[in-house]
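Here's the structure, in structure tokens; my notes come after.
Per chain, numbering begins at 1; letters A, B, ... match sequence-line order.
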Amino acid sequence: MATARLRVLICTGKVCEKKGASAVESALISRLVQFGLNDEIKVSTAKDCVGYCKQAPVMMIYPDNILYGKVKVEDVEEIVEEHFLKGRPVKRLIDDSLDAKDVIDNMRKSNFFKGQELRIVMENAGVINPESIDEYIGRDGYLALGKAVTEMKPEEVVDEITRSGLRGRGGGGFPTGVKWGFVAKAEGEKKYVVCNADEGDPGAFMDRNILEGDPHRIIEAMAIAGYAIGSDHGVVYCRAEYPLAIERIELAVVQAKEMGLLGDNVFETDFSFDIELRVGAGAFVCGEETALLRSIEGKRGQPTPKPPFPAISGLWGMPTLINNVETFANICPIIRKGADWFASIGTEKSRGTKVFALAGRIRNTGIVEVPMGTTLREIIFEIGGGIPDGKQFKAAQTGGPSGGCIPREHLDIPMEYDSLKEIGSMMGSGGLVVMDEDTCMVDVAKFFMEFCVSESCGKCPPCRVGTKQLYDIVDRITKGEGVIEDLEKLEELSEMMKQMSLCGLGQSAPNPILSTIRFFRNEYEDHILRKKCKSGVCQALFTSPCENACPCNVDAAGYVQLAAEGKFYEALELHRERNPLPAICGRVCHHPCMDKCRRGQTDESINIRAIKRYISNFEKELTVKPITPTKEKVAIVGTGPAGLTIAYFLAKKGYDVTIFESMPYPGGTLRFGIPAYRLPREVIDQEVKLITDLGVRIVYGVRVGLNISLDRLQELGYKAVCIAIGARVSYLLGVNGEHLAGVMGGMDFLNKVNIGFPIQVKGKRVIVVGGGNTAMDAARTALRMGAKEVRVLYRRLKEDMPALKEEIEEGINEGIKFTFLVNPVEAIGEDGHVVKMKCVRMRLGSYDDTGRRKTSVIENSEFVLDVDLVIPAIGQEPETNFAEVEKNILIDPKYRTFVVDEETHMTNIPGIFAAGDDSTGPAMAADAIGDGQVVAGAIDRYLGGDGVLWEKRKEIIPTDSYNDDNYVETRKEFEQYVLPIEERFNNSTIEDFVEVERGFSRDQIIEEARHCLHCDRASLSCTNEDI
Amino acid sequence: MKKEKITITVDGKEVAAYAGETILDAAKRAGIYIPTLCHHPLLSNTGACRMCVVKIEGTGRQNLNSSCTTPVNDGMVVTTESPEIKKMRRLNLELIFSERNHQCPFCEKSGNCELQAVAYRLGMDYVRFPFLWPKKEVDASHPDIIHDANRCMLCGRCVRSSEEVDKKGVFAIKGRGIDSDVTVNIDGRLGDTEVTKDDVAIQICPTGSLCEKGLAYSERYGERRFDMKPIEGPVEPK
Ligand code: FES
């Protein structure tokens, strides 16, 4: 969770690159390493020209907002030593032909700065030399103190702060002015002002930034506070881990005293104020104010109960004002510019700005200052640049270990005290950790609990023992040893800790647990009930990341290793243990396994799908023995991937399985939705044959709901009936004219073509609307059928298209035209047939929950395209009417899917199940197979079985034939032979579409498989030891 | 300073109190029992054990306050017992019992133990959390005293008595969080100190952690102190 103090951006646009930007970059990086600064200072490059070519190469320093021009390798040393280490920007590199303001303004046009134009707390950060009091004074420094002590009464100062609406930035958000008022009114022979600079949240370093970059600001503010409450003594309590901050505060105090701005008779008035510095040992609990005070007194840093509050009885029993660094950093501008100015910023209940430390899975990490009420979405996607590597945003944690997580659904939450509290998180000191899809929320809760266990002071049992028990429970859950009652226990214990713990640490420690349970209960349930960590984090729950990512749980690491050894039959058998359709999946699977392959983090993911495809070639020689059914009769409706999977597993378990198929051929969506150039028909037939060889019967040409009723099936003695007919009804566009002849839904088009229904495409202009796989399939099919032109319209950009990347690329190669950022609005007909399509252009707007940008229509941007055939492929739904009509089976009114019980996977009618697209909604073939497994298990349990379909592999597959060390570093090109474009179109009939991808050779496959890093071995060897 | 008399409401009853005294003291005078463990009338209060928590109405805060440390205010409205509070106190006891070895049948303090007695009075008869049972030293170096850290609940009474009453300052708490421990003269042995069995520190240990030697199982079951009467408040020194 390392985050950077400074970010250096080097432009590597064309001009800068020519003038040596890369050399500067590598010189800088080696300097930083040399000084050990490489963790705190992050260097990145901007490939897009930043627009200062005449100064090339340029380097920008954030958050200091400094732009250096004409940087040479020799300048790097000075930049590192003067600027990065001592905080003194190198003036000679700042070109004065560019007005400084201009430069900064220009930089602010980048999104990173656009969101944070207004800076209060960090107004001087990076602009002044923090070791020069003159520069501070030059930026209106000590003006506020002068104004306070010479022009204002103490009550007026308190009043000004109260009216400003400033709230404590350290955590709870108590109104600062009210606190000042309490201490001002409290009686005591002496009073103290304490600055809490014991910033301890993991990932938070805002206070450090302020102390190091602008120390006088804190000193001045503390003196103002002293004047307001009647104190002459201030203490800065700073953690020892911040030596530079300590040094700078000390220096600033000396400088201020020399100038009469601190010490006796400040500004020649009667007011005197002195500041001492205390260094804390860095226990997290010392950030709690009472513990902090005890620590200053030289006692054990343990909290004491409140009341009495420090305002009444604090340091040495005297009235004490404690504020944190960021709170103090707001004081001077308020006094200078007035409460009304400050109150005009932010939201009604949270005024001013807030500094956040952006960390975690986000492009721009670092410190940002934004007005209160800025939404989380703006901070993450606009200022933070979104999530790197095309991953999905999952949650953001605010408030560190005391806070909670905020899920996708709440991205629009305004970042202010009360909204955060409502959602079960808190502002805290401003840590903001972003998590993506690869983060397991149970693991996150465990991480924060671990922190709390080690930071609990141990004084009271709710925190001392409570954090430990919470940690142990969560730890067991991540190991797959949790029980469902644990959730209730976690919640009950958390609630008790919140109410009974002595101090804020214990009271807020359960927040990460409560909020992850609240928003990600399903992840806890996955770990507990299904022993599954979908994010692939909790090692104990899976053997390898690829297996874990596979919707059908195929032991990919296992068959890849067998393939590496050349044991292709064994590999095939291992595959078929969990998935009977390797040849099909080897061609059309969307291979989530490859996205999680650890090899991909170093060079390229192992091409698991190609290996699968190769081993499936050996199916031809496979024979299976029929299994004589000993158990009940089961009927399955549909021979798609889900139906075939269920039949396979149930037949293996001894059930008497019959599949009813309305078409004359098997395969369902595989055959009628996917074109033959991607999935040759004989591949389907061959895999179906292996299933029927087991003893499964397929009855063709019978449409359940038309030729036979569900009732009748049950009467015939089928003890369980499962509907798996897929989703074949295309969504409509919802525009005028879509019922004209020549407008045909994507799935509808593919079905008709693949059945052999004569559709005239030859010589026609075809428009396909949509960006998914169905759209690509329809477009490429139309091209093969002789269309004159095929154009795909998509309302976003190419990179947003949900279709498989390789499909899009092949489509482009074959000559499909794309028009992005458009949307059809009307189909215009002549004599009942479509002739034109009216479209509008779209613009990209703010980000949606998936991190893609929303689109909106550009006014007056209509244009018209000539067209003969329009294929809207924007989604489809299952045709479930018959079941609703016949048996009142519950159907989801929106998605038209069956409503099934989460546990039993049964519809509301006993004995009737639904699987694949019919229960999950339209998804990938592998998802349908995965759902088929779940339903097969559920049907087995329903009929009295144990529901277990396979055993987990326990042994390591050894490496015998090669030395895997030789494959760690090197990586060979791995390109498959694809059919040349010219040869793709000389088909005569649909069934003859020639397969485009032609697979790999034996040697290529073995070579590729040998690069596997064997992630499965770690977990397998530890379970072996356990036994 | 003369004590100013004020009125507070405790569990719906008006109760007379002195300004500055704790809610616990005011409640006790009014005959209202609030369970305590770390509190002792001879000692300062630290609010460590959280058993005595009560709800102060109208503060807008959701957390409970320890009544042994919270001073009364005029007009204060306090709830000392509700099903919710009772449940949480029981849960707190479960945590304390789960932390170390508090197996009453095998403890010589049984029947005279405050922790056990409070658990009985609150109906905490079952611990739903796994026992952590760290292995701790037993210090039998003293001729008259046994110090068994396995039975300690870290209330800190011995620390405070030794400092405030016995004026010896022998005990202290070391370590942090779940690793906290009572230590004798910083990792020393009790036998090497001037502690005697008559020290208040030894006499008011609320668990079987500090015991006088020679008294083990000297009273019969049924005749032990808390067999006869539920606990009313902290044990007194001899
Ligand atoms: S906290 Fe009051 S008795 Fe322990």
Side-chain angles (χ1 to χ4, degrees), chain A residues 172 281 283-286 290 294 300-308 312-313 421 450-473 475-476 481 485-486 488-490 492-509, chain B residues 20 22-23 37-38 44-56 59 61-73 84-85 87-100 127-132 134 153-156 159 172-181:
Chain A
F284 180 65
V285 71
C286 287
T290 59
R294 297 298 85 77
R300 199 174 148 82
Q302 279 195 332
T304 47
K306 296 188 277 193
I312 307 299
S313 167
K421 205 162 169 191
E450 189 175 6
F451 181 84
C452 292
V453 170
S454 66
E455 293 299 335
S456 167
C457 81
K459 186 169 173 178
C460 72
C463 174
R464 180 182 71 233
V465 194
T467 52
K468 174 78 175 134
Q469 292 287 7
L470 285 180
Y471 173 81
D472 285 354
I473 295 174
D475 184 47
R476 283 197 297 273
E481 295 157 14
E485 291 75 29
D486 281 341
E488 206 180 303
K489 225 190 239 179
L490 285 174
E492 194 188 334
L493 183 50
S494 295
E495 196 46 49
M496 172 270 196
M497 288 167 64
K498 274 177 95 130
Q499 296 201 29
M500 277 181 99
S501 292
L502 193 157
C503 81
L505 192 153
Q507 286 161 15
S508 60
Chain B
T22 63
I23 297 173
L37 282 171
C38 69
S44 65
N45 286 309
T46 59
C49 77
R50 316 308 293 160
M51 278 318 299
C52 69
V53 289
V54 296
K55 176 108 190 111
I56 300 172
T59 56
R61 297 169 68 105
Q62 62 146 292
N63 60 312
L64 304 171
N65 287 74
S66 44
S67 62
C68 71
T69 61
T70 310
V72 292
N73 282 331
E84 253 315 278
I85 294 176
K87 191 175 127 198
M88 292 202 198
R89 285 183 186 147
R90 271 204 294 258
L91 201 48
N92 194 32
L93 280 169
E94 284 187 63
L95 289 179
I96 296 173
F97 272 83
S98 77
E99 187 182 15
R100 295 198 181 176
V127 177
R128 291 166 300 160
F129 300 97
F131 295 107
L132 303 175
M153 60 155 285
L154 296 163
C155 66
V159 179
I173 300 218
K174 66 161 189 186
R176 200 155 84 179
I178 198 75
D179 300 319
S180 304
D181 259 314

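Taking both residues in full, the closest heavy atoms of A:Arg476 and B:Pro130 are given as NH1-CG, 3.7 Å, listed atom of the first, atom of the second, then distance. Of all the heavy atoms in A:Pro461 and B:Leu95, the pair that sits closest is O-CD1, 3.9 Å. Of all the heavy atoms in B:Arg176 and A:Ser456, the pair that sits closest is CG-O, 3.2 Å. Of all heavy-atom pairs spanning B:Gly47 and A:Pro305, the tightest one is CA-CG, 4.0 Å.
With a threshold of 4.5 angstrom between heavy atoms, A:Lys498 approaches chain B through its backbone and through its side chain. Contacts of B:Asn65 with chain A are made by side-chain atoms alone, with heavy-atom separations under 4.5 Å and no backbone atom involved. Only the backbone of A:Lys306 comes within contact range of chain B, judged by heavy atoms closer than 4.5 Å. Contact annotation for A:Ser454: only backbone heavy atoms (N, CA, C, O) come within less than 4.5 Å of a heavy atom of chain B. If you measure heavy-atom distances from B:Ile173 to chain A, the contacts under 4.5 Å come from both the backbone and the side chain. Looking at B:Lys87, the atoms closer than 4.5 Å to chain A (heavy atoms on both sides) all sit in the side chain, from C-beta outward. Residue B:Thr69 touches chain A through both its backbone and its side chain, counting heavy-atom pairs closer than 4.5 Å.
Of the charged side-chain nitrogens involved, at least one lies within less than 4.0 Å of a carboxylate oxygen, so that A:Glu492 and B:Arg128 count as a salt-bridged pair.
Sparse packing is recorded around NZ of A:Lys421, with 12 or fewer heavy atoms of other residues, nucleotides or ligands lying under 6.0 Å away.
In this structure B:Phe129 satisfies the ring-ring contact (aromatic ring centres under 6.0 Å, His included) test with no other residue, sequence neighbours excluded. Considering only residues two or more places apart in sequence or on other chains, A:Tyr471 meets the ring-ring contact (aromatic ring centres under 6.0 Å, His included) condition with none of them.
Considering only heavy-atom pairs separated by less than 4.5 Å from chain B, the leading option among A:Lys459, A:Gln507, A:Lys468, A:Met500 is A:Met500. The choice from A:Cys463, A:Pro303, A:Gly458, A:Pro308 that makes the most heavy-atom pairs within less than 4.5 Å of chain B is A:Gly458.
With rounding to the nearest 0.5 angstrom, the CE atom of A:Met497 is 10.0 Å from the CG atom of B:Leu91. Here the CE-CZ distance, from A:Met496 to B:Arg50, works out to 10.0 Å after rounding to the nearest 0.5 Å. Note that CG of B:Asn63 and CG of A:Leu502 are 10.0 Å apart. Values are rounded to the nearest 0.5 Å.
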Any chance you could lay out the side chain to side chain contact (heavy atoms under 4.5 Å, CB included) test for B:Leu132 and A:Val465, step after step, and finish with the verdict?
-> CA-CA 9 Å; B:Leu132 303 175; A:Val465 194; 4.2 Å; yes
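Side-chain contact between B:Ser98 and A:Gln469: present, with at least one pair of heavy atoms (C-beta onward) separated by less than 4.5 Å.
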